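The next block holds one structure in the form of structure tokens; read it before the comments.
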Amino acid sequence: MTNIDRREWLKTLGLTGGLALLKPSELLALDEPVNTTFSNSPIMLNANENAYGPSERVKKVISDNLNIGCRYPFRSLSSLVDLIAEKEEIHRDSIVITGGSTEGLKATGLVYGLYKGEIIAADPTFQAMLSYAETFDAKVHRVPLNPKMEHDLDAMAAKVNKNTKLIFICNPNNPTGTLLDRNHLIDFCKAFDKSALIFSDEAYYDFITEADYPSMTKLVKEGRNVIVSKTFSKVYGLAGLRIGYLIAKPEIAKNLKAAVMANTNTLAIEAAKEALKDDAFYKYSITQNIKAKELIYKTLEDLGMEYIPSHTNFVFFKTGIPITSFSEQMSAKNIIVGRPFPPLLNWARISTGRLEDVKSFTTALKTVMG
Ligand SMILES: Cc1ncc(COP(=O)(O)O)c(C=O)c1O
């Protein structure tokens, strides 16, 4: 699905919760068989995976390609780069395939954090790049989120200095699920991309339902000093296969390629290629995610619990009790929730999972918090 198709399709969902607006062919797609055979005990709602995946089409491609496990990934990698370049409408030299987007985050943290490079990031946010860079002596400035639990771009701007190498923006943010105002973000990137590289982690971009919300790939295309990361782990349901990618202008992409170590693997590459073509599964996953979030919101509202409306496949909500105690109580009910996110230690993050998993979560939550 191209970005334009996706936008049109999202409009049919209409932000009205409007499954009724789906075309009959799309409703058919909602019935397609999905992954139901894996062991699901305990119910893992802690890592923002898509438990419907891999899709049936992707599973078939993986098993059909077991033989190429004897080959190095170079050849198949090249055709995946072409497919991604087409999807992102950018030159192939701007694409760096990585072992999950984590590898891209770490490679970037290494390249720019070395020699005491300074990185500015929100707090709390996704840590993979930051903690990795710190092991190589980078200095990370963690800037608290604003009271709406969003990145405080103005406070982050105030931290920029001559040693700043990288500004990490996780949008939508993990663990809060918040989305930055698009104009504020674009203005910020344009104001600071000469002082430092801006990294836009867009792992959850596909779940954004705000119409025409731009990927910062738009700025890469304008020649800006921006790096975007995307992943096949979330909406495409391939977290265990480890494949993602970075998008940056060619001279930056070349540096990052040199720092990538794993180069993913042949089966992940074939899986990713098929996943990009499997529109029915993509739509199914997004539609189920909307339904799951509605169910979670309704339960939290019934219980009078505070939560943050989410642009992702997880919801961050206030437990009002220490997360360690909440996790233990939920675990006793077979539900694994997200890890603690200091300093927000009386909040919890719950991934959407499959609808039946979410129903088990809501039942457990009512017992623990009711
Ligand atoms: C914001 C964010 N970025 C990146 C990742 C890494 O995902 P992966 O390495 O599977 O692509 C995650 C995983 O949860 C995430 O939440």
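Counting convention: from 1, in listed order, for ligands and their atoms alike. Here the structure is a predicted model, which means the values were calculated and not measured.
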Which protein heavy atom lies closest to [atom], and at what distance to 0.1 Å?
atom                    : answer
atom 3 (N) of ligand 1  : Asp201 OD2, 2.7 Å
atom 10 (O) of ligand 1 : Ser233 OG, 2.5 Å
atom 12 (C) of ligand 1 : Phe126 CZ, 3.3 Å

Using a strict cut-off of less than 4.0 Å between a Lys/Arg side-chain nitrogen and an Asp/Glu carboxylate oxygen, indicate whether [X] and [Y] qualify as a salt bridge.
X      : Y      : result
Lys106 : Glu103 : no
Lys291 : Glu294 : no
Asp279 : Lys283 : no

Check: When you check the side-chain N and O atoms of Asn174 and Arg349, is any donor under 3.5 Å from an acceptor?
Finding: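 Yes.
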So if I count the atoms of ligand 1 from 1 in the order they appear, which ones are less than 4.0 Å from some heavy atom of [X]?
X      : answer
Asn174 : 1 (C), 15 (C), 16 (O)
Cys170 : 1 (C)
Ser101 : 4 (C), 5 (C), 6 (C), 7 (O), 8 (P), 9 (O), 11 (O)
Gly100 : 9 (O), 11 (O)
Arg242 : 8 (P), 9 (O), 10 (O)
Thr102 : 6 (C), 7 (O), 8 (P), 9 (O), 11 (O)
Leu105 : 4 (C)

- Query: Just wondering, do Thr299 and Lys366 contact through their side chains at under 4.5 Å, heavy atoms?
  - Reply: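 Heavy-atom side-chain distance check passes, below 4.5 Å.
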TODO: Can you see which heavy atom on Lys234 is nearest to which on Asn48, and at what distance?
DONE: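 The answer is CD-O, 3.1 Å.
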Ranking Glu103, Glu49, Lys234 by closest non-hydrogen atom to atom 14 (O) of ligand 1, top hit is Lys234
Just going by heavy-atom distances, which of Tyr245, Phe232, Tyr204, Phe168 is nearest to atom 16 (O) of ligand 1?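 When every heavy atom of Tyr245, Phe232, Tyr204, Phe168 is considered, Tyr204 comes closest to atom 16 (O) of ligand 1.
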task = Could you see which bit of Asn173 sits under 4.0 Å from ligand 1, with heavy atoms only: side chain, backbone, both or neither?
result =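 Within the 4.0 Å criterion, Asn173 makes no contact with ligand 1.
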Practice problem: Please confirm whether Lys230 makes a cation-pi placement over Tyr205, using NZ or CZ under 6.0 Å from the six-membered ring centre and within 45° of the ring normal. | Solution: yes
Could you tell me whether Asn48 and ligand 1 have an N or O pair separated by under 3.5 Å?
no
*Do the rings of Phe199 and Phe168 sit parallel, tilted or perpendicular, given the 30° and 60° boundaries?*
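Tilted, since the angle between the ring planes falls between 30° and 60°.
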Next item on the list: Classify the angle between the aromatic ring planes of Phe74 and Tyr72 as parallel (below 30°), tilted (30 to 60°) or perpendicular (above 60°).
Entry: parallel
